[in-house]
Amino acid sequence: MYVVGGSASGMLAKELAKCLKARLAKVEMKRFPDDECYVRVDEDLDGEDIFLVQTGWPDRNIIELFLLQDAIREFDVSSLTTVVPYFGYARQDKQFKPGEPISARAIARLIQLQTDEFMTVDVHSVSIIDWFDNVSAKNVCAYTEIGKFLRSKGAQVILSPDEGRWENAKRVADVAGCDADFLVKERLDGDKVSITPKSLDVKGKHVAIVDDIISTGGTIIKAAEQLKIQGAKKIVAACTHGVFANNALDRIRPAVDEIYSTDTIENPTTAITVAPQIAKIARD
Ligand code: R5P
């Protein structure tokens with residue numbers, strides 16, 4: 001068994017190889033002068049079960065993913081499982097206006113052309129899994145690993161920034177052994193809103209705001225501001241996918257005490273690996 005890691009998922013591929021007791025494939029990667037991508041798998045993969053790991057964001061990593069799938073398919077592999085830890089375009093999962101593509105579906109259709117199985121992690125919209133209609137597709141949950149990590153950091157309250165993601169916060173809190181709540185927005189008058197936890201008092205507490213994605217940071221910053229007003233002692237932000245678009249980290253850092261993310265997108269806040277959860281689902 002081999003794990004093949006794309007250039008966006010080297011850390012995770014290494015961890016997954018350890019968890020699966022598989023070999024980590026040597027892969028040559030470079031860019032041509034015109035920025036086109038070149039990949040070459042420097043192993044004999046004939047007869048092997050392969051896990052290909054490459055995150056699906058930004059666009060250049062998606063192209064690399066397709067090239068790696070093709071390179072692997074040139075061997076006579078026993079099976080190919082494509083693991084896309086962060087499924088880019090997942091928030092474009094419907095037509096908002098006529099004439100638009102359903103971008104997440106377009107990506108799903110292309111990925112499944114060249115794989116036997118597909119896995120992703122905390123996909124923003126689970127309906128995306130159903131678009132893999134020709135291959136087995138699974139959504140791996142990172143919240144157990146986030147919960148273990150936040151327990152080790154001494155979090156006392158796990159907060160979802162809104163009710164829609166409350167189930168995720170609850171899963172993290174169950175593992176972390178603490179309380180969970182979600183923030184509710186209440187309009188006080190024409191231009192004043194208050195955002196408070198639904199039922200818990202955060203005064204003097206170590207609070208972790210947990211979300212699936214941090215992109216611009218707007219959601220986390222707003223939540224952190226309110227928690228400060230309510231007297232939280234320590235505020236940390238944790239997410240599965242640290243996108244941090246347009247230097248969002250520079251804006252979020254002053255608003256919270258610490259920021260943590262998983263290795264679905266490798267970035268300076270990556271502190272949690274999802275490899276054990278991927279390996280667990282792979283073995284089931
Ligand atoms: C929304 O549905 C998601 O769960 C996240 O809350 C959102 O993607 C975060 O985006 P941003 O960091 O841009 O506020």
Side-chain angles (χ1 to χ4, degrees), residues 55-59 61 84-96 100 102-105 107 120-129 139-147 150 155 157-173 180-186 193-198 202 207-229 232 235-272 274:
T55 224
W57 176 87
D59 292 358
N61 291 330
V84 179
Y86 173 61
F87 196 99
Y89 289 88
R91 288 178 290 178
Q92 296 182 47
D93 61 333
K94 54 176 84 72
Q95 250 194 345
F96 296 93
E100 291 176 347
I102 300 177
S103 307
R105 187 183 61 190
I107 304 288
T120 189
V121 181
D122 291 342
V123 67
H124 187 70
S125 165
V126 280
S127 62
I128 289 170
I129 294 297
N139 183 35
V140 177
C141 178
Y143 296 113
T144 302
E145 299 304 323
I146 296 176
L150 292 175
V157 177
I158 307 295
L159 267 184
S160 165
D162 59 56
E163 191 172 0
R165 304 272 150 193
W166 151 249
E167 283 299 328
N168 300 340
K170 183 81 182 70
R171 275 189 223 166
V172 173
D181 204 354
F182 57 89
L183 291 169
V184 277
K185 199 187 270 184
E186 192 193 349
V193 288
S194 93
I195 303 174
T196 50
K198 173 86 176 145
V202 294
V207 184
I209 312 163
V210 174
D211 211 346
D212 59 340
I213 303 171
I214 301 179
S215 182
T216 64
T219 308
I220 292 290
I221 293 169
K222 207 176 286 170
E225 277 167 3
Q226 297 303 318
L227 293 174
K228 259 182 208 157
I229 293 169
I235 302 167
V236 309
C239 65
T240 306
H241 312 296
V243 172
F244 304 120
N246 301 323
N247 302 321
L249 265 180
D250 295 343
R251 293 188 298 278
I252 304 168
R253 281 209 163 101
V256 299
D257 295 295
E258 283 151 28
I259 313 169
Y260 304 112
S261 65
T262 77
D263 50 6
T264 61
I265 298 174
E266 296 173 7
N267 71 84
T269 72
T270 298
I272 305 159
V274 295

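Sequential numbering from 1 along the given sequence is applied to the chain's residues. All values below were derived from every heavy atom in this structure, side-chain atoms included, with hydrogens, water molecules and symmetry-related copies excluded. In listed order, ligands and their atoms are each counted from 1.
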Rounded to the nearest 0.5 Å, what separates atom CG in Leu159 from atom CG in Asp211? 11.5 Å
Ligand 1 atoms nearer than 4.0 angstrom to some heavy atom of Gly218 are 12 (O), 14 (O)
Quick test: of every protein heavy atom, which one is nearest to atom 8 (O) of ligand 1, and how far off is it to 0.1 Å? Arg91 NH1, 3.0 Å
Heavy-atom nearest neighbour in the protein, as seen from atom 6 (O) of ligand 1, with distance rounded to 0.1 Å: Asp211 OD2, 2.5 Å
Atom 2 (O) of ligand 1: nearest protein contact (heavy atom, Å): His124 CE1, 3.2 Å
Hey, is ligand 1 close enough to Asp162 that some N/O pair sits below 3.5 Å? no
How far is atom 9 (C) of ligand 1 from the closest protein heavy atom, and which atom is that? Ile213 O, 3.4 Å
Any heavy atom of Pro161 sitting closer than 4.0 Å to ligand 1? no
Distance from Ile259 atom CD1 to Thr269 atom OG1, nearest 0.5 Å? 6.5 Å
Please report the interatomic distance CG(Asp162) to OG(Ser160), rounded to the nearest 0.5 Å. 5.0 Å
At what distance is the nearest protein heavy atom to atom 4 (O) of ligand 1, and which residue and atom is it? Asp212 OD1, 2.6 Å
Below 30° counts as parallel, above 60° as perpendicular, anything between as tilted: where do the rings of Tyr86 and His241 land? tilted
Gap between atom OH of Tyr89 and atom CG of Asp59 - 0.5 Å precision: 3.5 Å
Of the listed options (Thr216, Ile221, Thr219), which comes nearest to atom 13 (O) of ligand 1 when hydrogens are ignored and any heavy atom counts? Thr216
